[in-house]
Amino acid sequence: MTDNLRNKEYSPREVEKKWYAFWEKEGLFCADDNGSGKKFSIVIPPPNVTGVLHMGHSLNITLQDILCRYHRLLGEDVLWIPGTDHAGIATQNVVERSLAEKNTDRHQIGRERFIAEVWKWRSQYGSAIIHQLKSLGASCDWERERFTMDEGLSRAVRKVFVQLYDEGLIYRGNYIINWCPRCRTALAEIEVEHEELDGHLYHIVYPYPGGKTGPVVATTRPETMLGDTAVAVNPGDQRYANLPSDHVVLPLTGREIPIIRDKYVDMSFGTGALKITPAHDPNDFEIGRRHGLQELKVIDDDGKMTADAGEYAGMDRFKCRSAVVEALSALGLLVKVEDHKHAVGHCYRCHTIVEPNLSLQWFVKTESLAKDAVSAVKTGNIRIIPEKWSKDYYIWMENIRDWCISRQIWWGHRIPAWTCESCGRVIVAVDDPDLCPDCGSESIVQDSDVLDTWFSSALWPFSTMGWPDNTRLLEQFYPTSVLVTGFDILFFWVARMMMMGLHFKGDVPFHDVYVHALVRDEDGKKMSKSTGNVIDPLSIIEKYGTDALRFTLTAFAAQGRDIKLSEKRIEGYRNFINKLWNAARFSFMHLKEAHETFDLDKKSLCLPDKWILSRLKKTIDEVKEALDGYRFNEAAAALYGFVWHEFCDWYLEAVKPALYGKLSEKDRDSALSVLWRVLRDTIILLHPFIPFVTEEIWHSLPGTKGSVMAAAFPGTGRNAALPPRDPDAERDMDIVIGVITVVRNIRGEMNVPPSLALSVIVQSDNDETINKISRHRDIIVNLARLENLTVSIAGEKPGGTATSVVGDAVVSVLLKGVIDFELEINRLEKKMAKIGNQMHGLSKKLSNMDYLKKAPAQVVEKTRANHEELAGELERLSLNLEKIRSMET
RNA sequence: GGGCGGGUAGCUCAGUUGGGAGAGCGGCGGCCUUACAAGCCGUAGGUCACAGGUUCGAGCCCUGUUCCGCCUACCA
């Protein structure tokens with residue numbers, strides 16, 4: 001027994017440090033790529049290298065760790081690859097901030113030095129999140145930790161880029177993209193967060209040449225009018241069938257722009273006339289391309305107006321908005337301003353309002369890739385769990401747009417494309433070229449952009465295993481077994497991994513995708529730093545221990561529902577850990593040696609022994625089934641109920657006399673053997689969920705060697721299966737528990753102090769019941785605190801008792817002289833009313849011919865038996881009620 | 001605008017092919033019973049959002065209504 005076991009309060013802090021170090025030292029996290037067993041592999045969703053651990057990570061890591069530890073117990077070869085991603089924009093922002101503090105910026109120090117600064121930052125702070133993952137108990141194979149900017153992964157990125165380019169699946173072009181003027185980079189569609197804002201709808205007259213009043217257009221962004229190159233109306237719109245001119249004069253610029261006809265325009269909205277700004281609106285851009293319109297950029301990459309904005313050049317885009325409105329108003333061209341709610345895109349990194357902007361970018365053609373990724377799910381090669389996410393996945397994939405992969409930042413994988421300054425040839429190559437293959441010129445310039453971070457993350461399941469080399473790891477562990485992730489990156493990441501995995505490995509990157517909940521605060525709000533409602537996992541761990549946090553998250557991780565977390569709940573599960581701890585402490589007072597050789601089939605076991613083994617068997621089956629189906633909360637609930645309410649509340653209490661040697665030596669031996677086996681298997685079962693406390697207990701359990709991590713799940717490997725469930729024992733124990741419970745119940749309701757031992761008479765017409773109860777009388781006497789228990793065939797009713805009914809037995813508690821008649825009458829009447837209610841429902845069914853005819857015979861039989869039982873109970877109670885009444889008078 | 005999820009005990013939520021409404025926490029009453037007061041024993045509390053329908057039978061299936069949450073969108 002370790003010193004710790006003297007403490008009746010489990011203190012996780014030192015225990016957790018000790019065992020984590022032990023696991024690492026023993027190499028228990030390391031995957032065996034030479035093993036012959038079944039393979040189980042997971043790649044971690046790489047957290048941002050700039051990140052700090054939050055509850056989302058905690059849940060994500062906990063669930064993966066449960067799966068990995070569970071599969072290790074099943075004897076499988078488990079590989080869990082950890083790592084981080086380089087988080088291009090986020091990391092660059094962090095380093096830029098620190099440069100700003102030193103009064104410099106990246107442009108001053110230049111690209112090369114800046115990159116060096118980022119690496120310096122990464123080596124200094126970049127492993128913070130990794131340490132935090134360890135504090136959660138994550139059993140990742142740290143020797144195989146990867147970083148998306150590692151050399152190997154960078155090689156994979158290059159190879160993928162070049163191949164896709166050669167296949168015509170990557171192209172470069174001038175398109176409208178989402179631009180963050182603060183980060184000065186392009187953003188992918190999904191990196192834009194839409195937020196509903198109160199804005200205005202400005203109605204502006206565009207006069208015809210010559211000054212006649214013209215069509216009225218409406219816009220939420222008047223400043224973009226400076227870049228208008230057309231006004232569009234629907235071709236079927238009669239209001240614009242006969243116009244005095246096919247041009248209008250764009251106010252404030254004097255430019256003449258055409259009126260075009262396009263079916264896109266909604267006749268029913270506003271005036272039916274739409275201003276077209278191809279360079280600053282995605283829809284206008286497409287209309288513009290259809291009609292060959294000029295694409296005029298009036299907002300530059302800093303969010304300021306360009307020279308083409310005329311007198312507004314250099315003005316901030318929002319200042320310009322007010323200025324334009326004022327000017328139009330002064331000209332009498334602003335006819336109306338309405339309040340208008342609309343969704344505005346914000347940068348997901350810095351929350352600046354995104355500017356749709358025309359620029360030269362690199363794109364991945366997604367159509368064919370997405371098709372394969374969709375069919376992988378449709379055919380069942382990939383299962384998405386819960387299934388409902390498949391639908392969202394299909395909808396998104398079927399509407400997927402080409403993926404803008406270039407970013408105008410410095411930190412990331414530089415695009416392997418060069419342009420020859422002499423002949424203009426574009427060179428895309430895995431190895432840096434020295435000269436142009438066409439003209440031989442040495443003046444070739446590499447594209448200055450880097451790739452979207454998700455481009456490298458998309459390769460994660462195979463790049464981390466050594467691809468493009470044919471490694472043993474890939475051979476053994478690809479495809480991975482399951483991906484555990486939140487739905488917020490289903491499209492950012494999961495879908496793209498599918499596309500890349502299928503295209504480059506010819507196989508799915510994972511068989512299952514388990515999509516877990518989001519962790520919210522207790523009011524259901526998203527946890528965020530700005531709201532200040534964040535529960536920090538590290539301080540929770542400090543206060544309650546990792547196991548408590550893990551078990552809480554697991555217990556609430558029901559499929560398809562978010563987790564509302566509060567400290568109160570964590571405290572509750574901390575208590576559970578402590579309960580387990582004390583159950584172990586108690587057990588160790590008696591367990592001095594292993595009892596491995598004990599034959600559990602022995603007929604001589606006492607009822608509680610048979611019962612707890614049967615319940616343990618049930619729990620094992622439930623845990624296995626729940627985990628195999630990713631129903632983590634069900635596994636946790638089964639374990640919680642078993643440990644606390646079966647093992648502790650009933651089993652340990654029931655076998656105390658045997659353990660304390662108050663019964664025969666044989667009884668003690670049996671109890672010790674069963675206790676040992678049940679405790680050991682329970683600890684193994686619990687280990688994936690609460691690894692630390694179970695490891696601590698494991699090392700004090702006689703007869704165990706090494707780590708519980710290396711143990712075998714009950715019924716697998718060297719851990720022989722338990723005997724099958726024992727329905728007889730469970731039924732008998734239910735009767736015993738029933739008798740004890742009604743006595744306690746009477747004690748409570750009749751206000752008899754626990755210290756006062758009672759005399760109880762149990763009577764029944766049923767010999768079998770009588771036999772059973774007398775056989776286990778010791779348990780009843782002990783747990784109901786009796787001084788006297790008489791079990792007999794129903795005969796004369798004793799007087800002065802409070803009574804209850806358990807099945808076909810009547811339990812009478814003798815309250816000589818102290819019985820409160822009124823209280824007892826009340827109690828019986830209440831109980832009888834309850835039973836009467838239940839019977840009423842059943843009788844209604846049984847008198848319904850349709851029910852008797854159409855319901856399955858089994859169901860009807862059950863109803864009938866139930867009704868009979870209740871009728872018996874009611875009768876027995878009413879006899880007692882009469883008796884009490886007659887005594888009262 | 002479209003889509004999705006949810007409304008079950010005071011609170012947070014389970015409830016897997018439709019067959020006697022559950023847990024945890026909280027409340028209340030009683031206990032320092034030698035593993036555990038972070039505990040033990042007992043107990044109260046629900047028209048399963050509302051209205052219809054299918055069925056012998058609905059928390060569960062169908063329709064409509066309503067409230068909340070999320071995602072998404074090309075009404076400028």
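To find a chain, count down the sequence lines: A is the first, B the second, and so on, and within it residues start at 1. On a predicted model such as this, the values are computed, not experimentally measured, just so you know.
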For [N] and [X] - does any side-chain N or O of the residue sit under 4.0 Å from the phosphate oxygens OP1/OP2?
| X | N | value |
| --- | --- | --- |
| A:His645 | B:rA23 | no |
| A:His340 | B:rA76 | yes |
| A:Lys834 | B:rA44 | yes |
| A:Arg569 | B:rA23 | no |

Expressed in whole Å, how much space separates the [atom1] atoms belonging to [N] and [M]?
| N | M | atom1 | answer |
| --- | --- | --- | --- |
| B:rG24 | B:rC67 | P | 35 Å |
| B:rU17 | B:rA73 | C1' | 37 Å |
| B:rG19 | B:rG59 | C1' | 13 Å |
| B:rU72 | B:rC25 | P | 38 Å |
| B:rG27 | B:rU66 | C1' | 32 Å |
| B:rC48 | B:rG42 | C1' | 27 Å |
| B:rG29 | B:rC68 | P | 38 Å |
| B:rC50 | B:rA44 | C1' | 28 Å |

Within the structure shown, what part of the strands sits under 4.0 Å from [X] by heavy-atom distance: base, sugar-phosphate, or nothing?
| X | answer |
| --- | --- |
| A:Asp266 | base |
| A:Arg290 | nothing |
| A:Phe487 | nothing |
| A:Lys853 | nothing |

Of the listed nucleotides [options], the one nearest the side chain of [X]:
| X | options | value |
| --- | --- | --- |
| A:Lys568 | B:rG19, B:rU16, B:rG26 | B:rG26 |
| A:His194 | B:rA76, B:rA73, B:rC56 | B:rA73 |
| A:Ala218 | B:rG24, B:rA76, B:rG19 | B:rA76 |
| A:Thr741 | B:rA76, B:rC25, B:rG42 | B:rG42 |

[X]: which residues meet the side chain to side chain contact (heavy atoms under 4.5 Å, CB included) condition with it, sequence neighbours left out?
| X | answer |
| --- | --- |
| A:Pro356 | A:Ile176, A:Arg221, A:Pro282 |
| A:Met225 | A:Tyr206, A:Asp228, A:Leu250, A:Pro251, A:Leu252, A:Lys275, A:Val324, A:Leu328 |
| A:Glu195 | A:Leu197, A:His346, A:His351 |

Quick one: [X] [atom1] to [N] [atom2], roughly how many Å, whole number?
| X | N | atom1 | atom2 | answer |
| --- | --- | --- | --- | --- |
| A:Ile570 | B:rC11 | CD1 | P | 21 Å |
| A:His342 | B:rA76 | NE2 | P | 8 Å |
| A:Ile204 | B:rA76 | CD1 | P | 14 Å |
| A:Glu861 | B:rG19 | CD | P | 18 Å |
| A:Asn178 | B:rC74 | CG | C1' | 14 Å |
| A:Arg744 | B:rG42 | CZ | C1' | 9 Å |
| A:Phe556 | B:rC13 | CZ | C1' | 7 Å |
| A:Ile395 | B:rU72 | CD1 | P | 12 Å |

Next on the checklist: Taking the six-membered ring for Trp, are A:Phe576 and A:Phe689 closer than 6.0 Å centroid to centroid?
Outcome noted: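 Between A:Phe689 and A:Phe576, which both carry aromatic rings, the centre distance is not below 6.0 Å.
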(Q) Centre-to-centre under 6.0 Å for A:Tyr573 and A:Tyr544, is that the case here? (A)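 A:Tyr573 vs A:Tyr544: aromatic centres not under 6.0 Å.
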Please give the stem ranges for RNA chain B, sorted by first residue number, where a stem is three or more consecutive Watson-Crick or G-U pairs and both donor-acceptor distances are under 3.5 Å.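 The stems are B:1-7 with B:66-72, B:10-13 with B:22-25, B:27-31 with B:39-43, B:49-53 with B:61-65.
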Counting primed atoms, P, OP1 and OP2 as sugar-phosphate and everything else as base, the B/S/- map of nucleotides 30-39 of chain B against protein heavy atoms under 4.0 Å is -S-B-BBSBS
Can you name the side-chain hydrogen bond (donor to acceptor under 3.5 Å, both in side chains) partners of [X], sequence neighbours left out?
| X | value |
| --- | --- |
| A:Asp284 | none |
| A:Thr694 | none |
| A:His867 | A:Ser843 |
| A:Lys624 | A:Tyr70, A:Asp628 |

Original post:
Do we get A:Lys656 above A:Phe586's six-membered ring, with its NZ or CZ under 6.0 Å from the centre and within 45° of the axis?
Top reply: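 Yes; both conditions hold, so A:Lys656 lies above the ring face of A:Phe586.
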Let me spell it out: for each of A:Arg401 and A:Lys845, pick the nucleotide of RNA chain B with the closest heavy atom. Which residue's pick is nearer the 5' end?
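Nearer the 5' end of the strand: A:Lys845.
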Upstream residue (5' side of RNA chain B) when A:Asp850 and A:Asn633 are each assigned their closest nucleotide |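 Between the two, 5'-proximity favours A:Asn633.
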>> Under 4.0 Å between a side-chain nitrogen and a carboxylate oxygen: does that hold for A:Glu824 and A:Arg827?
In response: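 A:Arg827 and A:Glu824: salt-bridged.
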- Query: Got a sec? Which of residues 544-555 of chain A come in under 4.0 Å of RNA chain B, heavy atoms?
  - Reply: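 Within this stretch, nothing sits under 4.0 Å of the strand.
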- Apply ring-ring contact (aromatic ring centres under 6.0 Å, His included) to A:His645 and list each qualifying residue two or more places apart in sequence or on a separate chain.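 In terms of ring-ring contact (aromatic ring centres under 6.0 Å, His included), with neighbours along the sequence ignored, A:His645 is linked to no residue.
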- Task: Provide the full list of salt bridge (charged side-chain N to carboxylate O under 4.0 Å, His left out) pairs with a residue in residues 632-648 of chain A, sequence neighbours left out, each pair given once.
- Result: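 Every salt bridge (charged side-chain N to carboxylate O under 4.0 Å, His left out) pair that includes a residue of residues 632-648 of chain A, provided the two are not neighbours, is A:Arg615-A:Glu646, A:Arg631-A:Glu634.
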Considering the options A:Trp396, A:Tyr514, A:Trp389, A:Phe492, which one meets the ring pair (Phe, Tyr, Trp, His ring centres under 6.0 Å) requirement together with A:Phe487?
->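 Only one option passes, and that is A:Trp389.
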